[in-house]
Amino acid sequence: MSIQTRTPDELGQDYLEIRGLTVDFDGFKAVKGVDLTLLQGRLHFLIGPNGAGKTTVVDAVTGLVRGTGLASYRNQDLLTMRSHQIVRAGIGRTFQTATVFEELSVLQNLDIAGGVHRRAWGMVLARRGVPAYVEHALEAIGLTELRDKPAGTLAHGQKQWLEIGMLLVQDAKVMLLDEPVAGMSAEEREETGELLRRIGQERTIVVIEHDMDFVRNYADVVTVMHTGTVLAEGSVAEIQANPQVQEVYLGRQVEAAATTEVEEGDHA
Amino acid sequence: MLELRGVTAGYGRTKVLHDVSIQVDDGGAVAAMGHNGAGKTTLLRVAVGLLPVMRGQVLLDGEDVTRLRPSARVRRGLGYVPQGQLSFPQMTTLENLHLVTTDRAAIDEVLDTFPALRGLLSRRAGLLSGGQRQQLSIARTLLTRPRMLILDEPTEGIQPNVVAEIEAVITELTRRGDLSVLLVEQHVGFALRATQSYYVIESGRITSHGVGGPGAVDDVRAAMAV
Amino acid sequence: MNPRLTALVRGAAPLIAIAALAVLLLVVAPATLSSFRLNNLGKYICWAIAAVGIGLAWGRGGMLVMGQGVFFGLGGYAMAMHLKLEAAGPEGIPDFMTLYGNGTMPGFWEPFRSGAFTLVAILVLPAVAATILGWAIFKRRVKGAYFAILTQALAVVFATLLIATIQETGGFNGLNQFTSFFGYNLYDPVNKRMVYSIAAGLLIACLLVVWQLYRSRFGELLVATRDAEERVRFLGHDPANIKLVAFVVAAMMASVGGAMFAPIAGIISPSDVDATASIFLIAGVALGGRALLLGPALGALTVGYGRTTLSETFPTQWTYFLGLLFVVVILLLPRGVGDLPRTLRSALKRSTA
Amino acid sequence: GGAKSGEEGAAGESCVDTSGDTVKLGFLNSTSGAMSISEQTVRDSLSLAMKEINADGGIMGKQIEAVVEDGASDPAIFAEKIEKLLTGDCVAAVFGGWTSASRKAMLPVVEANNGLLFYPVQYEGLEASENIYYTGATTNQQIIPAMDFLASEGTKTLFLAGSDYVFPRTANKIIKQYAAELGIEIVGEEYVPLDDDDWTTQVAKIVKAKPDFVFNTINGSSNVGFIKAYYEQGLGADTSPIISVSIAEEEAPAMGHSVTGQYAAWNYFQSVDTPTNAAFIKAFQDEYGASRPTSDPMEAAYTSLYLYKAIVEKAESFDVDDVNAASDGVSFDAPEGTVTIDGENHHIAKTALIGKINDDNQFDVVWSSETPIEPDPFLEGYSWWDPTAE
Amino acid sequence: MDAFTTPLLAGTATGALLLIAALGLTLTFGQMGVINMAHGEFLMIGAYTAFVTQQVVTNADVSILLALPLAFVVAGMFGLLLEVAVISWMYRRPLDTLLVTVGVSLVLQQLAKDIFGAQGDPVVGPSWLAGNIGVFGYNWPYRQMFTIVLALAALGGLAALLKYTPFGRQIRATVQNRDLAETMGVSTRVVDRITFFVGSGLAGVGGVAVSLIGGTNPNLGRGYIISAFLVVVAGGLGQLKGTVIAAFAVGIATAYFADWTSASMAQVATFALVVLFLQLRPQGLFTIRTRGLV
Ligand SMILES: Nc1ncnc2c1ncn2[C@@H]1O[C@H](COP(=O)(O)OP(=O)(O)OP(=O)(O)O)[C@@H](O)[C@H]1O
Ligand SMILES: Nc1ncnc2c1ncn2[C@@H]1O[C@H](COP(=O)(O)OP(=O)(O)OP(=O)(O)O)[C@@H](O)[C@H]1O
Ligand SMILES: [Mg+2]
Ligand SMILES: [Mg+2]
C-alpha cells in the first residue's frame with residue numbers, strides 16, 4: 001500500500017500522533033510511554049491482553065483520564081483539553097459498554113450529535129425535517145426503520161451502531177472505537193467491518209478489538225499492547241507470527257487452530 | 001434441569017419473546033444463538049427471574065419457579081453470568097468474590113482458572129478493564145457452585161487465549177456431568193464445541209433446534225441466514 | 001387522516017392549549033370571580049409561573065430544584081422593596097426601619113426607588129445568583145441528590161438570613177403595607193384587576209418560552225443531559241452550560257412569580273420563600289406532570305386552590321393532604337396527573353392487544 | 001361605612017349586614033402549623049366568651065355567629081383569610097392573630113377594608129392602627145415595669161437572651177436604653193433562631209458573664225432548650241435568676257426542669273385573686289377540663305370580646321366609624337382587674353405584675369404596678385427613649 | 001483559652017449529634033441510594049419514644065436507659081414500614097424517593113402534632129447526667145459528653161456491621177447493582193429491610209439524645225435533617241470515615257461561627273463553607289472513583 005510509505009507530513013495535518021503517553025493511577029502506571037502514529041485512510045487496530053491499557057489510551061486522548069506526554073492532532077495538544085473541546089476538535093469515540101441517550105429516539109440521538117457544528121442561537125430553534133447528514137448516517141448504520149424508537153429499547157449491537165452513527169453525524173475525523181463489534185453475530189460483524197471500511201476512507205479510525213477474525217479481515221495496521229507498552233506493530237500476518245504476541249495474547253490453541261478450516265469458519 | 005414452557009415476555013408493552021420453549025437436560029449443555037436484538041438476553045433474564053413472564057412457565061428441576069425471585073433461584077443452584085461485564089464497582093475484586101464465599105480453597109480454585117485476577121485482588125472492580133471485569137464476573141458466578149449455569153456472551157471482550165481457557169473450563173465441568181449449561185454466544189464454533197445441542201432464535205421465536213457439535217456449524221449458519 | 005395534517009395538528013396542539021388557558025385566565029376568570037377570589041387566583045398564578053421554571057429544570061433537566069423559594073424571594077423582595085419605597089414617598093424610608101432599627105436605610109435599598117431599576121433587578125438578580133451558584137455546582141459536577149439537598153439547604157439558609165436581618169429586610173415579619181404599584185393605587189379594585197392580568201399574561205409568556213425551548217434542540221440536549229450527562233461531553237458540549245441555562249431560566253421565572261406575588265398577596269415574608277414554601281412549589285409540578293408543558297402550571301394552580309379550599313373546610317387536615325399528595329402522585333403517577341390520559345390509553349391498548 | 005382619606009376612596013365599602021338578629025364575627029387563629037397550640041388556647045377562650053355573651057342575650061340583642069378560619073401560622077394566609085372574612089363573609093369584626101408577623105400582615109388589609117381587628121397578645125409596641133384594638137400589653141405595660149422591678153431588686157448587671165425575631169430585638173432595644181437610664185449594665189446579648197433548641201454555647205456566655213439577672217425574650221419551645229442548658233451548666237435562680245415575658249402558666253411545667261424561683265412579667269396570672277377571675281377560671285375549666293390553666297393571652301382574648309360588646313352597645317352601632325368614635329374610655333371588669341380603652345391609640349390600660357414561679361408552677365405576685373398603666377405604644381412619655389439610637 | 005475551647009467542646013457534642021443522624025443517612029442514602037427526607041422525623045419519633053417512656057417509667061434515671069433501645073426499635077419499625085409500603089417500590093428512582101419521603105415527613109409531623117400537640121413535651125434528663133465538669137472555664141455538661149459517647153458507640157457498631165459481617169458486603173453489593181446482587185444469591189429484599197431498620201433505628205437513638213437538649217416537638221427533626229444531609233454530602237457518599245470527619249467539622253465550625261457572630265449567621269456561614277468545600281472536593285471528603293461514564 002502506498003500510504004504506508006509516506007510520512008505523516010506528506011499526508012497534510014490529518015493524523016493523530018501520540019508520543020510517550022503515560023497514565024498514572026496513584027502509582028499504578030496503566031500506560032507507560034506509548035508512541036502511536038495514526039494515519040488517515042487506514043483501519044488501525046489496537047489489540048492486547050485484558051488490562052493492557054488499550055481503553056486507557058483512548059480515555060487519555062479523549063480527556064476522560066489525565067495523561068502525560070503528547071497527543072497532538074492538527075497542532076493541538078489533546079492532553080491539555082477538556083472532553084467537549086476534544087470532540088469539537090474532531091475526535092470522537094465510542095464506549096466499551098454502549099452508552100446512548102435512552103429516552104431520546106434514534107433520530108434525536110443522531111440529531112443532537114450534530115449539535116457541535118451549530119451556532120448557539122440555533123439551539124433554541126426547533127428541528128425542521130431531518131437534515132441530510134442525519135439521513136445518511138441512519139442509512140449507513142442501517143437503523144432507518146427504527147428511527148423513531150427510543151434508543152433505550154435497542155439491543156446491544158444496535159446501540160453500538162447508533163454510537164457509530166453519532167460519530168458520523170458529528171463528522172468526527174478521528175474515530176476511536178472501543179470493541180465496536182462485541183456481541184455481534186458473524187454477519188453483523190461483516191456489515192460493521194464494511195461500514196468501517198467505507199467511512200474510513202477520509203477518516204482516521206482506531207478500533208480496539210479482541211476478535212481475531214475481525215482483525216484479520218479488516219485491519220490495515222495492528223498495534224499490540226501489553227502491560228501498558230507497545231509490544232509489536234505491523235500487519236496482521238506479522239503480528240500473528242510474533243511469538244511474544246502468541247505467548248501473551250493469542251495463545252497456542254489459536255496458533256494451532258489458525259491452520260484448520262473449522263476455526264476459519266468460526267466467525268465468517 | 002431447566003425448562004421454559006411457552007414463555008412470552010417483554011418490556012413494558014413490547015413483547016420480545018413469543019411463546020418460546022426450550023429445555024436443558026441434567027448435565028446437558030445447550031447453546032442459544034441469534035442475531036443482535038433477537039431476544040437472547042431477554043430469554044436468559046426470564047430464566048433467571050430478572051424479568052417477569054407475561055405468559056408461560058419456568059421450571060427448575062421440574063418445579064415451577066416462575067414466581068421465585070432470582071436470589072431464591074440462585075439458592076436452588078442457578079448461576080448467571082450477565083452480558084456486559086457487570087460487577088460491584090466500588091468493592092475490590094476480592095470483596096466481589098467474598099460476596100459469594102470466603103472459603104479460601106474455593107477462591108484459589110477459580111483464581112487458577114483466571115490467573116490474571118490474582119494481581120488485581122485489592123483493586124476496585126470499577127477500575128478494572130472490561131475484560132478483567134468479565135473474567136471476574138465468570139469467576140464470581142462459578143463460586144456459587146451452580147448446577148445450572150447460564151452464560152450471556154461470556155467471551156465478549158476477553159482476550160483469545162483466555163477465551164480458550166474458559167471453553168476448557170466449561171467443557172470440563174459439563175463433562176463431569178454435575179453441571180448443566182445454557183450458553184448464549186456469538187462465536188458459533190465456540191458455542192457448538194462447548195454444547196451438545198442448540199437453538200436458533202430469531203425475532204423472539206425459536207426457528208431452529210438441533211444437535212450440536214462442530215458438525216452443526218453449517219446448519220446453524222444456514223438457520224441464521226434465513 | 002392525512003399524515004401531514006396529523007403532524008400539523010399535533011404541532012399546534014400545545015399552542016391551542018396555551019391559548020385556551022389564556023382565555024380562561026384573562027377573560028373568563030375576571031368576568032366570573034369576586035375580587036377576593038380573583039386575587040387568590042392571582043397568587044396561584046404567581047406560584048404557577050415559578051412552577052413552569054421548575055418543570056424546565058426538573059422535568060426536562062433532571063435538576064430537582066428544592067430551593068426555588070430563594071429566587072421567588074429575590075424577585076418578591078426586590079419588588080416589595082420598590083413598593084415599600086413608593087409607599088414611603090420620594091424622600092421617606094420604610095416605616096419598619098424606624099420601628100426596629102435606627103431610622104437609617106441600608107444603602108442597597110436606595111436604587112430600588114427607581115421602578116426601572118427594580119424591573120431590571122427582578123430579572124438580573126436571580127440570573128446572577130443562579131449563575132454563580134449553578135457555576136459552582138455544575139462545573140464541579142455536583143448533581144442528583146447532592147444538588148437537591150444543596151438547593152434545599154440554600155432555602156433554609158436564605159430564610160434564616162432574612163429572619164436575622166430585621167433592620168434590613170423586616171425579618172420574620174417580611175415586607176407589607178404596599179399602597180401603590182408603579183403609581184396605581186393598590187386599594188382600587190380596578191388596579192388590582194390590572195395587576196392580576198399582568199401576572200396571568202406573564203404566565204402565558206413563560207409557557208410560550210418553555211414551549212419553544214422544549215421543541216428546540218436545546219430541549220433535546222437538556223433531556224440528553226438529564227439521562228446521560230457524561231455522554232453529552234462526547235457530543236462536544238459541556239453539560240454544565242446546558243444545565244446552567246435551564247437553571248438560570250428557571251430562577252428567572254421563579255423571580256418573576258415572586259415579583260408579582262408581592263403586590264397581589266400584599267406581603268412577602270420568609271415563610272413565602274423558605275424550604276417549606278419551596279417544597280410546596282414542587283408539589284404542584286409533581287402533581288401536574290413535571291415533564292409536560294402545561295402540567296407544572298396547572299398543577300401549581302390546583303395545589304394553590306386546594307390549599308385555600310381545603311384549609312377552609314378541613315383546617316388541620318391540609319398538611320395530610322399535601323403529604324399524601326406527594327406520596328400518592330410520585331409513587332403511582334410519577335409522570336403526574338397530566339399524563340394520566342396517556343397512561344390509561346396505553347393500559348387500554350395493552351389489555352385489548 | 002365611610003371612606004377614609006381621599007386616596008383610598010374606592011375601597012372599604014362595607015358589606016356588613018346587621019339588620020337580622022345575629023351578628024357575624026370572625027375568629028382567625030392558627031389551628032395548624034407551629035403556632036397552633038398557643039393560638040388554640042386563644043380560640044378556646046374566645047369561644048367561651050361568645051358562649052357566655054350569647055347566653056346573656058348577645059350584643060345589642062343579637063346573637064354572635066362566629067366564622068372561624070385557620071391562619072396556618074403563615075402571615076400570608078392571615079392576610080388572605082382576613083380579607084375573606086371582611087369582604088366575603090362580611091363579619092363585623094375579627095378576633096385573632098398572635099405573632100407580630102400575622103398582625104403586620106393583616107394590618108393593611110383591615111385598613112384597606114376599614115374593618116376591625118382585636119389582637120390579644122402582648123407585643124413590641126410602636127404601632128397604632130385605627131382599625132385594630134390591642135388588648136394585650138404594649139412595652140410600657142410589661143417590659144418597662146419588668147425593668148422597674150429589676151431595679152428595685154438592686155440589679156446591676158443584666159444579660160439579654162432572645163429569639164432572633166422582631167419582638168425580642170425591639171424589646172431589647174428598649175431594655176438597653178432604659179437600662180442605661182437605670183444604671184444597669186448589659187453584659188451580654190444573644191439571639192437564637194426561633195426553631196433552634198440548642199442554647200449551649202450562648203448559655204456558656206451567661207456563665208462567664210455572671211449577670212444579676214437574665215432577661216428572657218425567647219419565643220415558644222426554644223425556651224425549653226434554654227432552660228435545660230441554663231441548669232445544666234450550673235446556673236440557677238439563686239445565682240442569675242431569669243425574668244421571662246413569654247413563660248406563662250401553660251409553659252412553666254413544660255420546661256423539662258423545675259423553674260421554681262424564676263420570674264415572669266405579665267398583666268394576668270391564674271393566681272390573681274379577684275372574684276371575676278375565679279368565675280373566669282371556673283367557667284373555663286368547666287368548659288375545657290380542670291387541668292387546663294388560664295394565662296395572659298387567653299384572658300386578653302376573652303376580655304377583647306367583652307370589650308367589643310361594651311363599645312358596640314355604647315355606640316349603639318356595629319359600624320366601624322361609630323365604634324371608633326365611642327371606644328374611648330370604655331372599660332370592663334376583666335379577670336385581670338378593670339381595663340379601660342384608650343380611644344387615641346386603641347390600646348388598653350392594664351396593671352403590670354411580676355410573678356415568681358412556685359412549686360405548683362403557679363405565679364406568686366411579688367411586685368405590681370398597683371394601678372393600671374396607661375398604654376403608650378410609642379413610648380412618647382419616656383424621655384430616655386430615642387427610636388433612632390442604635 | 002476558654003474562648004477557644006468552649007466552642008470546640010460544645011461543637012464536638014453538636015457534631016456527635018449530627019454524626020448519629022448522619023450515620024443512619026449514610027446507610028440509607030449512601031449505601032442504598034435512598035434519600036430519606038423523613039429521616040429527621042425518625043429522630044423526632046426517637047425523641048417522642050423517650051417522652052412516652054418517661055410517662056410510663058417516671059424515674060428519669062431509668063427511663064432514659066430504657067428509651068435508647070426502645071427508640072431504636074420504634075424508629076426502626078417506622079423505617080421498616082416506610083420501606084415496605086413505599087420505598088421498596090421505587091429503588092430505581094432515587095430522586096423520587098426524596099419527594100415521596102418529603103410527603104411522608106409532612107404526614108409524620110402532622111401526626112405528631114395531632115397526637116402530642118405542637119408545643120414541646122419535655123423529657124426530664126436523668127440525674128446522672130445533670131451537672132458538668134469545668135474545662136478551661138466551660139462548664140461542660142455531662143449530657144454533651146454522653147452524646148459523644150453515644151455517637152462513638154453507634155459508629156463503632158455500624159462500622160463493625162459493614163466491615164466485618166457478610167451482611168455488610170451484601171448491603172454494599174445491593175446498592176451498587178441490585179440485579180447483579182440478586183443473581184449472586186443476595187436477597188435484596190431482606191437486605192433492604194434490615195438496612196432501613198438499622199438506619200432508621202440509629203435516627204431513633206439520635207432522637208433520644210436530642211430530647212435531652214430541648215423540648216420534644218413535632219418539628220424537631222427539621223432542625224437536624226439539612227445539616228445531617230450536608231454532612232453526608234461533604235463526607236462523601238457512603239463513606240463512614242468521611243461522614244465522621246464532616247460531622248465533627250460541621251459541628252465545630254458552627255459552634256465557632258455562633259461564638260463569633262450569631263446562631264443565625266452561623267447557619268449561613270456553615271452552608272457557605274460546605275459549598276466552598278465542594279468546590280475543592282466535589283464528591284466529598286472521600287470518594288470512590290470508578291471508570292467510564294457512571
Ligand atoms: N482509574 C484506575 N485506577 C487504577 N487502575 C486502573 C484505573 N483504570 C484502569 N486501571 C487499570 O489499568 C489497566 C488497563 O486498563 P484498560 O481498561 O486500559 O485495559 P484494556 O486494554 O482496555 O483491557 P480490555 O481488553 O480488558 O478492555 C487495567 O489493569 C486496569 O485495571
Ligand atoms: N429494557 C428494554 N426495554 C425495551 N425493550 C428492550 C429492552 N431491552 C431489550 N429490548 C428489546 O428487546 C429486543 C431483544 O433484546 P435482547 O437484549 O434480548 O437481544 P439479544 O438477542 O440479547 O441481542 P444482543 O446480541 O445485541 O445482546 C431488542 O429488540 C431490544 O430492542
Ligand atoms: Mg478496554
Ligand atoms: Mg444480549
Side-chain angles (χ1 to χ4, degrees), chain A residues 25-26 28 30 47-56 95-98 146 149-150 152-161 178-179 181-189 191 208-213 215 246-257 260 262-268, chain B residues 10-14 16 33-42 83-86 114 116-117 119-120 123 127-136 152-153 155-165 167-168 184-193 200 214-215 217-218 220-221 224-225:
Chain A
F25 295 117
D26 309 319
F28 171 73
I47 66 170
N50 293 133
K54 305 180 293 294
T55 302
T56 309
F95 291 88
Q96 198 160 349
T97 28
L146 299 176
K149 277 195 117 187
T153 65
L154 297 182
H156 193 67
Q158 294 164 333
K159 285 183 188 164
Q160 281 165 315
W161 281 334
D178 201 351
E179 306 197 15
V181 298
M184 289 188 185
S185 67
E187 289 135 69
E188 290 158 347
R189 281 160 201 260
E191 284 172 43
I208 298 178
E209 197 42 73
H210 286 296
D211 178 2
M212 283 313 290
D213 296 306
V215 177
Q246 291 175 2
E247 169 66 27
V248 301
Y249 185 63
L250 298 172
R252 278 159 303 276
Q253 271 161 323
V254 176
E255 191 188 353
T260 75
V262 174
E263 198 60 41
E264 277 292 303
D266 209 7
H267 302 110
Chain B
Y11 305 90
R13 267 188 302 138
T14 36
V16 172
M33 280 167 288
H35 285 293
N36 250 209
K40 306 178 295 294
T41 298
T42 309
Q83 186 173 17
Q85 305 152 346
L86 302 181
F114 300 101
L117 293 180
L120 303 168
R123 190 171 298 171
L127 301 179
L128 297 182
S129 80
Q132 291 168 339
R133 266 204 314 273
Q134 182 65 13
Q135 296 184 28
L136 171 60
D152 198 351
E153 311 207 9
T155 63
E156 193 176 305
I158 293 187
Q159 63 190 79
N161 52 357
V162 177
V163 171
E165 183 69 21
E167 184 181 330
V184 163
E185 184 54 69
Q186 295 291 3
H187 295 64
V188 179
F190 171 106
L192 293 178
R193 280 197 301 278
V200 172
V217 170
D218 290 330
V220 172
R221 258 190 281 141
M224 282 178 65

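Naming convention: chains lettered A, B, ... in sequence-line order (proteins, then strands); numbering from 1 in each chain.
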- Using non-hydrogen atoms only, which part of B/Gln135 is less than 4.5 Å away from chain A: side chain, backbone, both, or neither?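 B/Gln135 touches chain A through side-chain heavy atoms alone.
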- Task: Using non-hydrogen atoms and a 4.5 Å limit, figure out which bit of B/Gln85 sits close to chain A: side chain, backbone, both or neither.
- Result: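 When you check distances to chain A, only side chain atoms of B/Gln85 fall under 4.5 Å.
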Of all heavy-atom pairs between [X] and [Y], which one has the smallest distance, and what is that distance?
X	Y	value
B/Asn161	A/Glu247	ND2-O, 3.9 Å
A/Arg189	B/His187	NH2-CE1, 3.7 Å
A/Gly51	B/Ser129	N-OG, 3.0 Å
B/Gly157	A/Glu179	CA-OE1, 3.1 Å

- Message: Is it the case that the side chain of A/Ser185 and the backbone of B/His35 share a donor-acceptor pair, with hydrogens and angles ignored and the cut-off at 3.5 Å?
- Response: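 Between the backbone of B/His35 and the side chain of A/Ser185 there is no qualifying donor-acceptor contact (under 3.5 Å).
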- Where on A/Val248 is there a heavy atom nearer than 4.5 Å to chain B: the side chain, the backbone, both, or neither?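 Contact with chain B is through the backbone of A/Val248 alone.
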Nearest 0.5 Å please: distance from the [atom1] atom of [X] over to the [atom2] atom of [Y].
X	Y	atom1	atom2	result
A/Asn50	B/Gln132	CG	CD	6.5 Å
B/Asn36	A/Glu187	CG	CD	11.0 Å
B/Thr14	A/Lys149	OG1	NZ	6.0 Å

- Message: Could you tell me if B/Arg123 sits above the aromatic ring of A/Phe28, with its cationic atom closer than 6.0 Å to the ring centre and no more than 45 degrees from the axis?
- Response: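 Yes, B/Arg123 and A/Phe28 form such a contact.
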